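These numbers were taken from a predicted model, which means no experiment stands behind them.
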Protein chains: 2
Amino acid sequence: MSQVNNVYSPMPDDAAIIFAALGDNTRLNLLARLRDGQSHAIVELTDGTGLTRQAISKHLHVLENAGLVLSEKSGRESRYLFDAGGFQKAQAYLDVASAQWDAALLRLKDFIEET
Amino acid sequence: MSQVNNVYSPMPDDAAIIFAALGDNTRLNLLARLRDGQSHAIVELTDGTGLTRQAISKHLHVLENAGLVLSEKSGRESRYLFDAGGFQKAQAYLDVASAQWDAALLRLKDFIEET
DNA sequence: AACTTAAGCAACCTTTCGGTTGCATTTATT
DNA sequence: AATAAATGCAACCGAAAGGTTGCTTAAGTT
């Protein structure tokens with residue numbers, strides 16, 4: 001079984017996973033911090049959240065699974081970095097959806113004017 | 001207490017609610033069907049999903065709450081339509097995030113070249 | 001008036017989610 | 001060698017999510 005999976009037509013499954021990962025404020029805040037382009041250790045990302053390290057660790061795994069962050073081990077710490085890939089897929093999905101909507105509106109408009 | 005809420009800086013809370021609503025395949029499929037620009041009754045949207053009418057009804061409420069669809073009563077049926085508002089907010093959020101990321105990369109690049 | 005269709009409401013069930021605590025492990029530090 | 005720091009893993013918990021069934025109500029049909 002093969003699958004087409006180019007950037008112009010994101011797989012719905014992927015999209016749902018990415019959007020679900022974005023659908024939580026704690027995770028959106030983590031992403032915002034990671035957008036500085038540098039890698040951060042878990043303790044560091046935990047700081048100021050009011051949550052435990054394990055909670056943050058779980059959130060980071062969710063983000064990683066969605067392709068929104070990358071992780072790398074460095075000595076005793078695992079550091080996380082922003083991954084633009086997930087974002088681009090989300091944007092692509094919304095763009096395609098918008099385009100479909102616009103096209104439908106246009107068809108509707110033409111149909112009405114046809115009278 | 002007042003709040004700024006323009007399209008250039010979407011409120012994170014809103015964003016999380018919208019993304020969470022998009023983070024489910026059943027709902028993405030419903031949205032895809034609603035992108036034809038026309039209104040659909042619940043029974044109609046239920047058809048072909050393999051789920052019950054009530055399940056679909058709940059999903060539609062989630063979408064409505066996120067500003068992704070609108071509903072209107074017409075006789076004994078309530079009909080749902082696509083609402084571009086939620087989509088635009090989601091797109092705006094991702095755009096701002098991307099821009100921040102790009103800016104951070106640029107700063108990093110400049111910093112390195114400064115050597 | 002009788003019947004059918006479209007929905008809403010509410011209770012209930014199971015699974016997932018967001019979070020915590022406790023303990024073991026690995027990698028610095030002193 | 002002994003201690004401290006950063007994690008990972010696993011069990012556990014309460015709340016929310018996704019779904020179902022049953023019953024009521026409102027609006028069309030015949």
Side-chain angles (χ1 to χ4, degrees), chain A residues 12-34 38-81 86 90, chain B residues 12-34 38-83 86 90:
Chain A
D13 278 18
D14 285 19
I17 288 175
I18 296 172
F19 287 133
L22 293 172
D24 177 283
N25 270 313
T26 301
R27 288 195 288 267
L28 287 184
N29 288 332
L30 285 172
L31 284 174
R33 282 170 99 174
L34 288 168
Q38 284 169 328
S39 75
H40 300 263
I42 301 181
V43 247
E44 193 193 331
L45 291 169
T46 300
D47 203 69
T49 61
L51 298 179
T52 59
R53 175 183 51 85
Q54 288 84 339
I56 299 301
S57 182
K58 279 194 188 179
H59 281 302
L60 289 169
H61 279 117
V62 173
L63 291 172
E64 185 171 22
N65 184 252
L68 291 161
V69 304
L70 292 170
S71 71
E72 58 184 25
K73 294 226 67 168
S74 164
R76 67 178 153 185
E77 54 191 11
S78 36
R79 308 186 63 84
Y80 285 83
L81 333 102
Chain B
D13 277 19
D14 285 17
I17 288 176
I18 296 172
F19 287 134
L22 292 173
D24 177 283
N25 270 313
T26 302
R27 288 195 288 267
L28 287 183
N29 288 332
L30 285 173
L31 285 173
R33 283 170 97 174
L34 288 168
Q38 284 168 329
S39 75
H40 300 264
I42 299 180
V43 248
E44 193 192 332
L45 291 169
T46 300
D47 202 69
T49 61
L51 298 178
T52 57
R53 174 180 53 84
Q54 288 86 340
I56 299 301
S57 182
K58 280 193 189 179
H59 281 301
L60 289 169
H61 279 119
V62 173
L63 291 173
E64 185 171 22
N65 184 251
L68 291 162
V69 303
L70 294 169
S71 72
E72 58 184 25
K73 294 227 66 167
S74 163
R76 67 178 153 182
E77 53 192 12
S78 34
R79 308 186 64 84
Y80 285 83
L81 329 104
F82 185 81
D83 180 359

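- Between A:Ile18 and A:Ala90, the shortest heavy-atom distance links the atoms CG2-CB, 4.1 Å.
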- [ ] Would you mind building the protein contact string for nucleotides 25-30 of chain C? One character per nucleotide, 5' to 3', B for base within reach (heavy atoms under 4.0 Å), S for sugar-phosphate only, - for untouched.
- [x] --BS--

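- Of the listed residues (B:Leu31, B:Leu51, B:Val62, B:Thr49), just one forms a side chain to side chain contact (heavy atoms under 4.5 Å, CB included) with B:Thr26, and that residue is B:Leu51.
- Listed by first then second residue, pairs satisfying side chain to side chain donor-acceptor pair (under 3.5 Å) with a partner in residues 50-63 of chain A read A:Arg27-A:His59, not counting sequence neighbours.
- Separating the CZ atom in A:Phe19 from the CG atom in B:Leu28 is a distance of 6.5 Å, to the nearest 0.5 Å.
- For the segment residues 50-69 of chain B, residues with any heavy atom less than 4.0 angstrom from an atom of DNA chain C are, sorted by number, B:Arg53, B:Gln54, B:Ser57.
- Sequence order on DNA chain C of the closest nucleotides to B:His40 and A:Gly23 puts B:His40 first from the 5' end.
- Atoms CG and CG, on B:Asn25 and A:Asp14 in that order, are 9.5 Å from each other to the nearest 0.5 Å.
- When side chains are defined from C-beta on, B:Leu30 does not count as touching B:Val69, because their heavy atoms never get closer than 4.5 Å.
- Across all strands, B:Arg79 comes closer than 4.0 Å to no nucleic acid atom at all (heavy-atom distances).
- Taking the nucleotide of DNA chain D with the nearest heavy atom to each of B:Ala20 and A:Ala41, the more 5' of the two is matched to A:Ala41.
- One interatomic measurement links the two molecules: CD of B:Glu44 to P of C:dT5, which rounds to 16 Å at whole-angstrom precision.
- Looking at A:Leu45 and A:Leu34, their side chains come closer than 4.5 Å, going by heavy atoms from C-beta outward.
- For B:Leu70, the side-chain contact (heavy atoms from CB on, under 4.5 Å) test picks out B:Leu81, B:Asp83, with sequence neighbours left out.
- Atom CD1 of A:Ile56 sits about 9.5 Å away from atom CG of A:Asn29, to the nearest 0.5 Å.
- Annotation: side chain to side chain donor-acceptor pair (under 3.5 Å) contacts involving residues 69-81 of chain A, sequence neighbours excluded, comprise A:Ser39-A:Arg79, A:Glu64-A:Ser71, A:Glu77-A:Arg79.
- In the 5' to 3' direction, nucleotides of DNA chain D lying under 4.0 Å from heavy atoms of chain B begin and end at D:dG18 to D:dG28.
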